[in-house]
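Have a look at the structure below before the remarks.
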Amino acid sequence: MAKKPVQKQSGWKNRLIEAAKEAQKNAYCPYSHYPVGAAVLTESGAIYTGCNVENASYGLAICAERVAVFKAVSAGEKKVMALAVSAKSAKPCGACRQVIIEFAPKEAPIFYVDWHPKAKTAKVTGTRAGRLLPQAFDPKEAGL
Ligand code: THU
């Protein structure tokens, strides 16, 4: 029997949100003290997570969202069906938005999980990938 599409499987949204929160606990952020976690759901139904990883040379920090997307792609998964980012007032930065839209179709849900590891409850809002970055750099327009 054909496998159900991932978004028809029950509980995927909660699993994605919980995975982002769990990854947030692994954030390496001794400079900003701002932990961020992210999780992406790929076409196969797998979830890849990421956290922000900072460095004493501040400019080398990488955001949680890019870690999660790059982990998925490096595992051979190039289609992001949904993404969750968890932090205090979580929202992906501009650089991450450009990276997300490279791999996520415009209808892919993007969940903003307002949470920090000591909070009791999380507030979830969100958008769709196609709304993340108006006037984004478009490889088709650039002839790439
Ligand atoms: N950060 C993320 O991981 N994701 C975002 O969407 C925004 C910012 C990280 C980068 C840095 O480690 C810390 O949050 C403060 O900017």
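Order of appearance sets the numbers: ligands from 1, and atoms from 1 within every ligand. The figures that follow rest on heavy atoms only: side chains count, while hydrogens, waters and symmetry mates do not. Note that the structure is predicted; figures quoted are calculated from it, not measured.
- The ligand atoms of ligand 1 that sit less than 4.0 angstrom from a heavy atom of S32 are 13 (C), 15 (C).
- Hydrophobic clustering of Ile, Leu, Val, Met, Phe, Trp and Tyr side chains at less than 4.5 Å, counting indirect connections, keeps F111 apart from L133.
- Those atoms of ligand 1 with a heavy atom of P92 less than 4.0 angstrom away are 6 (O).
- Transitive grouping of hydrophobic side chains (ILVMFWY, heavy atoms separated by less than 4.5 Å) brings V36 and Y58 into a common cluster.
- The closest approach between C93 and ligand 1 falls below 4.0 Å for a heavy atom of the residue.
- Between E18 and K21, at least one side-chain N (NZ, or NE/NH1/NH2) sits under 4.0 Å from a carboxylate O, which counts as a salt bridge.
- Considering backbone and side-chain N/O atoms, A64 comes within less than 3.5 Å of an N/O atom of ligand 1.
- Atom 1 (N) of ligand 1 is flagged as protein-proximal [any protein heavy atom, distance under 4.0 Å].
- Here the heavy atom of the protein found nearest to atom 6 (O) of ligand 1 is E65 OE2, 2.6 Å.
- Atom 14 (O) of ligand 1 has Y34 CD2, 3.3 Å as its closest protein atom, hydrogens excluded (heavy atom only).
- In this structure, atom 12 (O) of ligand 1 lies nearest to the protein heavy atom E54 OE2, 2.5 Å.
- Residue L16 is not grouped with residue V69 when hydrophobic side chains (ILVMFWY) are merged at heavy-atom distances under 4.5 angstrom, including chains of intermediate members.
- Atom 9 (C) of ligand 1 has N52 ND2, 3.5 Å as its closest protein atom, hydrogens excluded (heavy atom only).
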Residues K79, T42; criterion side-chain contact (heavy atoms from CB on, under 4.5 Å); working and verdict: CA-CA 6 Å; K79 195 163 177 189; T42 57; over 6 Å; no

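- At a 4.0 Å heavy-atom cut-off, ligand 1 touches C63 through backbone and side chain alike.
- Put simply, the side chain of Q24 never gets that close to the backbone of G50: no donor and acceptor are under 3.5 Å apart.
- Hydrophobic clustering of Ile, Leu, Val, Met, Phe, Trp and Tyr side chains at less than 4.5 Å, counting indirect connections, unites V40 with I62.
- Taken together through direct or relayed side-chain contacts under 4.5 Å among Ile, Leu, Val, Met, Phe, Trp and Tyr, Y48 and V53 form part of one hydrophobic cluster.
- Under a 4.0 angstrom heavy-atom cut-off, C29 registers as lying outside contact with ligand 1.
- Of the heavy atoms in K91, only backbone atoms (N, CA, C, O) come closer than 4.0 Å to ligand 1.
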